[in-house]
Amino acid sequence: MLWIKTIHLSAVLLSFAGFILRTGWMLMDSPMLTRRWVKVLPHIIDTVLLISALWLVYLMSLPLLQTDWLLAKIIALLVYIVLGTMALKRARTKLQRLIFALLAILVFLYIVSVAMSKSVYGFIALI
């Protein structure tokens, strides 16, 4: 189980680092955002992330919709995806995109804190 957790955590870090990098490029109007690999690689990383997450849930025999902290992570992940999409594609102004990106980062940190604490309270539970 350790190797799948390592894959999952690596995918988490790569996904988040990619989001931060793409956000920076978006704010700087970088032509890097138009590169094919920049558009494809995040989908590959996020697929590995999702598969490894589901595999961990299976290996840990967690009831997906009956484990409150896991359900909180899933809901927060959906919020993160929406905020990230607004930040990188949908928001009209750079200020709006920056605000959505910052909100997405906060939600990401919440997801990590929930994973670490195994509590829906996330940050608060870690104190």
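Just so it is clear, the structure is predicted and the values come from calculations on it, not from any experiment. Numbers here are sequence positions counted from 1.
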**Student:** Taking atom CD1 of Ile51 and atom CD1 of Ile7, what is their separation to the nearest 0.5 Å?
**Tutor:**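 Between Ile51 CD1 and Ile7 CD1, I get 10.5 Å after rounding to 0.5 Å.
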
**Student:** Quick check: closest heavy atoms across Arg97 and Lys89, and the distance to 0.1 Å?
**Tutor:** NH2-O, 3.0 Å

**Student:** I'd like to know if the side chain of Gln96 reaches the main chain of Thr93, judged simply by a donor and an acceptor atom lying under 3.5 Å from each other, with no hydrogens or angles considered.
**Tutor:**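 Here the side-chain-to-backbone pair exists.
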
**Student:** Counting C-beta onward and ignoring hydrogens, is there a side-chain heavy-atom pair between Trp25 and Arg35 closer than 4.5 Å?
**Tutor:** no

**Student:** Say you draw a straight line from NZ of Lys5 to OG of Ser10; how long is it, rounded to the nearest 0.5 Å?
**Tutor:** 12.0 Å

**Student:** Looking only at heavy atoms, what is the nearest atom pair of Asp46 and Ser15, with distance?
**Tutor:**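 Nearest pair, atom of Asp46 first, then Ser15: OD1-OG, 2.7 Å.
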
**Student:** State, to 0.1 Å, how close Val120 and Asp68 come at their nearest heavy-atom pair, and which atoms those are.
**Tutor:** CG1-O, 3.4 Å

**Student:** Would you indicate whether the side-chain heavy atoms of Phe123 and Val114 approach each other to under 4.5 Å?
**Tutor:** no

**Student:** Just wondering, do Lys94 and Asp29 contact through their side chains at under 4.5 Å, heavy atoms?
**Tutor:**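 Yes - at least one pair of side-chain heavy atoms lies under 4.5 Å apart.
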
**Student:** Spell out, as yes or no, whether a donor-acceptor pair under 3.5 Å connects the side chain of Thr67 to the backbone of Trp69.
**Tutor:**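 Here the side-chain-to-backbone pair does not exist.
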
**Student:** Does the gap between the ring centers of Tyr110 and Tyr80 come in under 6.0 Å?
**Tutor:**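 No.
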
**Student:** CD1/Ile44 to OG1/Thr47 distance, rounded to the nearest 0.5 angstrom?
**Tutor:**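 So the CD1 of Ile44 and the OG1 of Thr47 are separated by 7.5 Å.
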
**Student:** Is there a path from Val107 to Met116 through hydrophobic residues (I, L, V, M, F, W, Y) whose side chains come within less than 4.5 Å of each other?
**Tutor:**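 Hydrophobic grouping puts Val107 with Met116.
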
**Student:** Would you say Ser117's side chain and Ser113's backbone share a donor-acceptor pair under 3.5 angstrom?
**Tutor:** yes

**Student:** What is the distance from atom CG of Leu83 to atom CD1 of Ile99, rounded to the nearest 0.5 Å?
**Tutor:**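 The CD1 atom of Ile99 is 11.5 Å from CG of Leu83, to the nearest 0.5 Å.
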
**Student:** Same cluster or not: are Val40 and Leu14 linked, directly or through other Ile, Leu, Val, Met, Phe, Trp or Tyr residues, by side-chain heavy atoms under 4.5 angstrom apart?
**Tutor:**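 No: no chain of side-chain contacts under 4.5 Å links Val40 to Leu14.
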
**Student:** Mind checking whether Leu78 and Leu50 sit in one hydrophobic cluster, side chains of I, L, V, M, F, W, Y counted as touching below 4.5 Å?
**Tutor:**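 They do not share one cluster, since no chain of ILVMFWY contacts under 4.5 Å joins Leu78 to Leu50.
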
**Student:** Which atom names give the shortest non-hydrogen contact between Phe100 and Ala91, and what distance separates them?
**Tutor:** CD1-CB, 3.8 Å

**Student:** Between Ser52 and His8, what is the shortest heavy-atom contact and its length?
**Tutor:** OG-ND1, 2.9 Å

**Student:** Is there a donor-acceptor pair under 3.5 Å between the side chain of Lys73 and the backbone N or O of Ile111?
**Tutor:** no

**Student:** I'd like to check Leu64 versus Ile74 (side-chain heavy atoms, cut-off strictly below 4.5 Å). Are they in contact?
**Tutor:** yes

**Student:** Could you tell me which non-hydrogen atom of Val48 sits nearest to which non-hydrogen atom of Ala11, and how far apart they are?
**Tutor:** CG1-CB, 4.2 Å

**Student:** Are Ile124 and Val79 connected into the same hydrophobic cluster when the rule is that any two of I, L, V, M, F, W, Y join if their side-chain heavy atoms are below 4.5 Å apart?
**Tutor:** yes

**Student:** For residues Met1 and Trp55: do they belong to one hydrophobic cluster (side chain heavy atoms under 4.5 Å, members Ile, Leu, Val, Met, Phe, Trp, Tyr)?
**Tutor:** yes

**Student:** Report, as yes or no, whether the 6.0 Å neighbourhood of atom CE on Met32 holds more than 12 heavy atoms from other residues, nucleotides or ligands.
**Tutor:** yes

**Student:** When rounded to the nearest 0.5 angstrom, what distance separates CD1 in Ile105 from CZ in Phe16?
**Tutor:**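 If we round to the nearest 0.5 Å, Ile105:CD1 and Phe16:CZ are 5.0 Å apart.
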
**Student:** To the closest 0.5 Å, what do you measure between OH (Tyr58) and CG (Leu54)?
**Tutor:** 12.5 Å

**Student:** Who passes side-chain hydrogen bond (donor to acceptor under 3.5 Å, both in side chains) against Lys39, sequence neighbours left out?
**Tutor:** none

